[in-house]
Protein chains: 2
Amino acid sequence: MNKAEKNVQRDYKKGYPSPSLQRLPLYLRQLKLYQREGVEKASCTRIAQDLGLISVQVRKDLSMTGIAGRPKVGYNIDELISRIESFLGWDKQRKAVLVGAGALGGAILGYAGFVEHGLSICAAFDVDENKIGTSIRSCPVYSLDELERFVEQNQIVIGIITVPQSVAQFVTDKMVKAGIRAIWNYSPVRLSVPSNVVCETVQLSSSFAVLSSKVKSMLAEERKTGPA
Amino acid sequence: MNKAEKNVQRDYKKGYPSPSLQRLPLYLRQLKLYQREGVEKASCTRIAQDLGLISVQVRKDLSMTGIAGRPKVGYNIDELISRIESFLGWDKQRKAVLVGAGALGGAILGYAGFVEHGLSICAAFDVDENKIGTSIRSCPVYSLDELERFVEQNQIVIGIITVPQSVAQFVTDKMVKAGIRAIWNYSPVRLSVPSNVVCETVQLSSSFAVLSSKVKSMLAEERKTGPA
DNA sequence: TTTAAAGCAATAAATTTTTATCGATTTTTA
DNA sequence: TAAAAATCGATAAAAATTTATTGCTTTAAA
């Protein structure tokens with residue numbers, strides 16, 4: 001590894017383990033399920049069982065939030081939920097805009113779950129004249145030209161990118177210029193952003209690659225041992 | 001970890017490192033970019049640079065596919081592409097159905113990229129009478145009642161789930177019963193499937209959790225050192 | 001009241017994944 | 001034609017992540 005490569009890597013600041021962070025929403029969902037069932041306490045053993053994990057991992061993950069559990073009892077569900085939510089910053093609403101009011105954009109606007117994660121999508125933007133002026137899922141669609149003004153006036157923090165890959169970097173630059181600080185990117189391109197802006201890309205094909213690999217080894221297995 | 005927990009874990013067969021698998025589509029995309037530019041060879045150094053990775057990691061990842069590179073030159077791009085594609089099984093089309101012809105389903109049907117990954121979505125299914133009989137992105141929408149017959153008659157391997165979480169397990173069971181062997185799940189529920197069926201869940205909230213964590217540490221950093 | 005069981009917390013071990021190093025090979029340049 | 005530079009492939013080291021172990025605490029049952 002040469003010096004240039006080292007600098008690339010060092011750009012990311014060491015925080016919490018990413019696999020653990022990614023499991024937190026699973027716990028949250030399960031805990032809310034318990035909550036709806038009227039259960040008040042949950043042990044790691046129980047949570048692990050219900051999620052197909054093992055208890056020590058759950059315990060270690062949850063310890064990130066600083067919660068204390070009681071032996072033989074577990075954690076208080078209400079407290080655990082609010083601990084996780086505040087750990088992720090999901091306890092307060094963060095304002096967002098979405099650019100690209102196509103099918104994918106519409107799907108994200110329509111997914112109610114994100115509201116529970118503190119994501120408040122205030123407006124969508126597009127260049128399509130037929131969409132501008134309409135509402136999608138009660139979210140107004142404006143012209144992309146108005147992005148900058150809107151972001152400034154409404155102190156938007158998060159930008160969601162659901163445009164075709166050919167214009168993803170262009171939209172990113174516009175967002176950055178407008179003052180967006182975090183970008184949730186649904187396009188498959190690697191966006192370049194300044195160091196004071198964070199970015200997270202959803203790679204659907206990565207997920208499909210994992211599935212494909214599973215399929216391949218399943219089929220290979222069957223050729224050896226015969227179909228199930 | 002008790003015995004029951006051990007069995008849960010052992011259910012998955014050890015294959016290739018999942019992080020490596022997830023990077024393969026990134027390489028593929030970059031390589032096709034080179035290809036369109038008319039470039040014939042690419043070194044790990046170059047690929048790493050363009051993707052923000054380091055060369056040894058790229059080299060190790062690509063070695064999964066069994067490709068041989070030449071020192072000082074790199075890999076032949078055409079060959080590397082077909083190696084990756086065949087490694088993932090993306091070189092031959094696999095037939096799929098999609099259940100849940102809502103916004104998310106429509107977005108997936110509309111994403112042309114998946115065709116390049118060997119994913120051939122033959123039909124969509126829904127229970128909404130207004131959708132049944134129509135076409136979305138030139139993909140016919142049938143009644144969910146017809147799923148089983150269609151899967152059997154057309155030898156469908158993959159099922160894509162884009163329904164609300166409340167019916168995800170119900171749809172899964174239907175798919176399994178019909179003979180689907182792989183499920184790509186876009187709902188946030190953990191699906192239970194028999195051991196001869198593989199399943200991969202897209203967790204959008206996990207991605208958002210990572211972004212949220214980045215935002216939190218960015219903001220915390222700024223409170224210490226002052227805004228950029 | 002004692003004993004047993006469940007489960008948390010902390011620490012240690014194992015595993016997986018990433019990164020570094022080194023020798024060999026190919027190309028380019030002197 | 002020899003030396004230098006780039007990069008592969010393999011192996012070793014380091015770091016990150018997962019899993020195991022141990023001791024202590026709380027609850028419940030004998």
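These numbers come from a predicted model, not from an experiment. Chain letters run A, B, ... following the sequence lines, proteins first, then strands; residues in each count from 1.
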Undergrad: Can you pull every protein N or O that's under 3.5 Å from an N or O on nucleotides 2-5 of chain C?
TA:
from  : atom 1 : to    : atom 2 : distance (Å)
C:dA5 : N3     : A:K72 : NZ     : 3.3

Undergrad: With respect to the side chain of B:P17, which nucleotide from D:dG9, C:dT17, D:dT7 is positioned closest?
TA: C:dT17
Undergrad: Can you list everything that forms a side chain to side chain donor-acceptor pair (under 3.5 Å) with A:E85? Sequence neighbours excluded, please.
TA: A:K32
Undergrad: Between residues 28-42 of chain A and DNA chain C, which residues have a heavy-atom gap below 4.0 Å?
TA: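 Within residues 28-42 of chain A, no residue comes under 4.0 Å of DNA chain C.
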Undergrad: Only pairs at least two apart or in different chains count here, so list each side-chain hydrogen bond (donor to acceptor under 3.5 Å, both in side chains) that has a residue in residues 208-220 of chain B.
TA: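 Sorted result for residues 208-220 of chain B: A:W90-B:S212, A:E200-B:K214.
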Undergrad: Roughly how many Å is it from CD in A:Q57 to P in D:dA16, rounded to a whole number?
TA: 17 Å
Undergrad: Within this structure, what is the CD1-to-C1' distance between A:I54 and C:dA14, rounded to whole angstrom?
TA: 12 Å
Undergrad: For residues 104-113 of chain A, which residue pairs qualify under salt bridge (charged side-chain N to carboxylate O under 4.0 Å, His left out), counting only residues two or more places apart or in two chains?
TA: none
Undergrad: Check ring-ring contact (aromatic ring centres under 6.0 Å, His included) between A:Y75 and all other residues, then give those that pass, not counting sequence neighbours.
TA: none
Undergrad: Under 30°, 30 to 60°, or over 60°: which ring-plane class applies to B:F208 and A:W184, parallel, tilted or perpendicular?
TA: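 Tilted.
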Undergrad: Which is more 5' along DNA chain D, the nucleotide nearest B:S43 or the one nearest A:R23? Just name the residue.
TA: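 Going by which nucleotide is closer to the 5' end, it is B:S43.
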Undergrad: Rounded to whole Å, please give me the gap between CZ in A:R59 and C1' in C:dT11.
TA: 13 Å
Undergrad: Output side-chain donor-acceptor pairs under 3.5 Å for residues 170-180 of chain A, partner residues at least two apart or in another chain, one line each.
TA:
from   : atom 1 : to     : atom 2 : distance (Å)
A:T172 : OG1    : A:A168 : O      : 2.7
A:D173 : OD1    : A:Q169 : NE2    : 2.8

Undergrad: Does the side chain of A:Q49 come under 3.5 Å of the side chain of A:T45 through a donor N or O and an acceptor N or O?
TA: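 Checked: A:Q49/A:T45 side chains show no N/O donor-acceptor pair below 3.5 Å.
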Undergrad: Looking at A:R181 and B:E222, does any basic side-chain N land under 4.0 Å from a carboxylate oxygen?
TA: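 So A:R181 pairs with B:E222 through a salt bridge.
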Undergrad: Under a 3.5 Å threshold, yes or no: a donor from one side chain and an acceptor from the other, between A:S86 and A:D91?
TA: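 There is no such pair (donor and acceptor under 3.5 Å, judged by atom type) between the side chains of A:S86 and A:D91.
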Undergrad: Test of understanding: with side chain to side chain donor-acceptor pair (under 3.5 Å), list the residues that count as partners of A:Q35, not counting sequence neighbours.
TA: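 Side chain to side chain donor-acceptor pair (under 3.5 Å) check on A:Q35 returns A:D78.
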Undergrad: Given side chains that start at C-beta, do those of B:S205 and B:S207 come closer than 4.5 Å, heavy atoms only?
TA: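 A side-chain contact under 4.5 Å is absent here.
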Undergrad: Would you indicate what A:R46 reaches in the nucleic acid, counting non-hydrogen atoms under 4.0 angstrom: base, sugar-phosphate, or nothing?
TA: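 It contacts nothing in the nucleic acid.
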Undergrad: What is the distance, to the nearest angstrom, from the CG atom on A:D61 to the P atom on D:dT19?
TA: 10 Å
Undergrad: Quick one: which residue pairs count as a side-chain hydrogen bond (donor to acceptor under 3.5 Å, both in side chains) with a foot in residues 60-69 of chain B, not counting sequence neighbours?
TA: B:S20-B:D61, B:R23-B:D61, B:Y27-B:D61
Undergrad: Do side-chain atoms of A:S187 reach the backbone of A:P164 as a donor and acceptor pair under 3.5 angstrom?
TA: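 The answer is no, because no donor-acceptor pair under 3.5 Å joins these two groups.
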Undergrad: Within the sub-3.5 Å range, which N or O atoms of nucleotides 11-13 of chain D have a protein N or O partner, and how far apart are they?
TA:
none

Undergrad: Rounding to a whole Å, what distance do you find between B:Y75:OH and D:dA6:P?
TA: 18 Å
Undergrad: Under the rule for salt bridge (charged side-chain N to carboxylate O under 4.0 Å, His left out), what residues qualify as partners of A:R59, not counting sequence neighbours?
TA: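 A:R59: no salt bridge (charged side-chain N to carboxylate O under 4.0 Å, His left out) contacts found.
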Undergrad: Give the dot-bracket string for DNA chain C, reading 5' to 3', where a pair is Watson-Crick or G-U wobble with both distances under 3.5 Å, ( ) marks pairs inside the strand, [ ] marks pairs crossing earlier ones, | marks a partner on another strand, and . marks unpaired.
TA: ||||||||||||||||||||||||||||||
Undergrad: Among D:dT26, C:dA20, C:dA9, which is the nearest nucleotide to the side chain of A:A68?
TA: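 Per side-chain heavy atoms of A:A68, the pick is C:dA9.
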